[in-house]
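Worksheet: the structure to be examined is printed underneath.
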Amino acid sequence: MRMIDLIDKKQHNQALTEDEIKWMITNYTSEAIPDYQMSAMAMAIYFNGMNNEERSALTMAIVESGEQIDLSSIEGVKVDKHSTGGVGDTTTLILAPLVASVGVPFAKMSGRGLGHTGGTIDKLEAIPGFNVEVSQERFVELVNKNKVAVVGQSGNLTPADKKLYALRDVTGTVESIPLIASSIMSKKIAAGADAIVLDVKIGAGAFMKNVEQAKELAETMVNIGEAVGRNTMAVISDMSQPLGNAIGNGLEVKEAIDTLKGNGPADLTELCLVLGSQMAYLGGVGSSLEEARAKLEENLHNGKALAVFKTFVEAQGGDATVADDPEGVLPKAKYSQDVLAKESGKVSEIVADQIGIAAMMLGAGRETKESDIDLAAGIYMHKKIGDAVEKDEALVTVYSNKEIKEEVITKILNNIKVAESAEIPTLIHEIIQ
Ligand code: URA
Ligand code: CA
């Protein structure tokens, strides 16, 4: 086989065979195929797309390019969740104990945050003592014992994706649905998931800017999942404004605890129940999504989800008293400041990505992979879209361990609009089964 012939084929809008795709990914991973040929291929795929068979073959070729995590010694259906990335998205911290509380194992390998989207691992590290570096054996042991563990990524998973994603980033080929879908699905499959729930975000804080695009991506991923034997469901959810009220690692831990006590923000609670019911249903709980949801709602209010959270934190070395006294246990910021509304009215817009960048500037996120993170830094939003606000009332409070710069305050004020009326964004746009 020659790469030039495969490029030619895709350039002329012909489908590649499974063997051709496997050959290409294997040789690209081993560096027998150079970046310049792969970038021509990525561009041909960008313009001509891939059919269902090609997408599944590409996904599995990427899975097989590296190690795969074997979770077969964990009892039950291992359901993983993936979000395409958002601002203030605290769902994993809540779903982990919530889903485990109905008996579905939650065995997650998670990442650190980069740019304005936060990572679950960073958030968990805001809890003093919490250890995310856990061996494979211990990981399996913890999930069998408590039904839940969340650990940092280890092992050489999907090396083809790492190379290909970096290449796409510099060749204008990131925004290709078959390439995004195979990239995301390959990582979930290599991490050992039997079933997958996807949260595809739309809006300013997201990759996909409209419902049609997001729906196409979600359907593509669901088709890939089903074709390779992993039950997959997807939700298309709003990311025009940040999720919940808190953005920032420690602040989001407190928000997760409030939600597990049944006192969380409405949008965050609802999204957790929607995603959680899909996870629970795929994990064999209830005979419908509604039944699965009823069980989760019960455990948010009877203290069971919170009890599992404490067990989970303690098992990974963290200070579980954080559940009773989040403010006393979580890191505190040296500086804080209220950002006041300039006029009265209704909050009509909170531009998610820009508010996320403001939180990053306060220290809550990394500008580069090497940056240090300030676990106490972030933004607490007192108002969400649709809320009434008086002139000089606090829109948000900002927290940081470094002196708060005027440019951050200006950025926040420029990205929270107050008007006479406001339209509340739809939270759940579509559920794809
Ligand atoms: N996220 C991924 O993991 N891969 C992509 O290609 C795009 C977003
Ligand atoms: Ca949040």
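Every number for a ligand or one of its atoms is a count from 1 in the order of the listing.
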State plainly whether the residues Lys108 and Asp80 are in salt-bridge range, i.e. N to O under 4.0 Å. yes
I need the atoms of ligand 1 closer than 4.0 Å to a non-hydrogen atom of Lys187, numbered in the order shown. 2 (C), 3 (O), 4 (N)
Is Lys304 salt-bridged to Glu298, going by a charged N under 4.0 Å from an acidic O? no
Using a distance threshold of 3.0 Å, what protein N/O/S atoms lie below it relative to the Ca ion (ligand 2)? Gly88 O, Thr90 OG1, Leu243 O, Ala246 O, Glu255 OE1
Identity of the nearest option to atom 4 (N) of ligand 1, non-hydrogen atoms only, from Ser182, Ser176, Ser186, Ser183: Ser183
Residues 307-319, side-chain donor-acceptor partners within the protein, below 3.5 Å, at least two apart:
unit_1, atom_1, unit_2, atom_2, d
Lys310, NZ, Asp324, OD1, 3.2
Thr311, OG1, Ala307, O, 3.0
Gln316, OE1, Val150, N, 3.1
Gln316, NE2, Asn131, O, 3.0
Gln316, NE2, Val150, O, 2.9
Asp319, OD1, Thr321, N, 3.0
Asp319, OD1, Thr321, OG1, 2.6
Asp319, OD2, Thr321, OG1, 3.4

Protein contact to atom 1 (N) of ligand 1 [nearest heavy atom, distance to 0.1 Å]: Tyr165 OH, 3.6 Å
Would you mind checking if Glu270 and Arg293 are paired as a salt bridge, meaning a charged N to carboxylate O distance below 4.0 Å? yes
Sequence-distant partners of Thr173, side-chain hydrogen bond (donor to acceptor under 3.5 Å, both in side chains), two or more places apart: Thr171
Looking at Asp267, Val235, Ile236, which hits side-chain contact (heavy atoms from CB on, under 4.5 Å) with Ile428? Val235
For Thr220, check side-chain hydrogen bond (donor to acceptor under 3.5 Å, both in side chains) against everything at least two apart and list the hits. Arg55
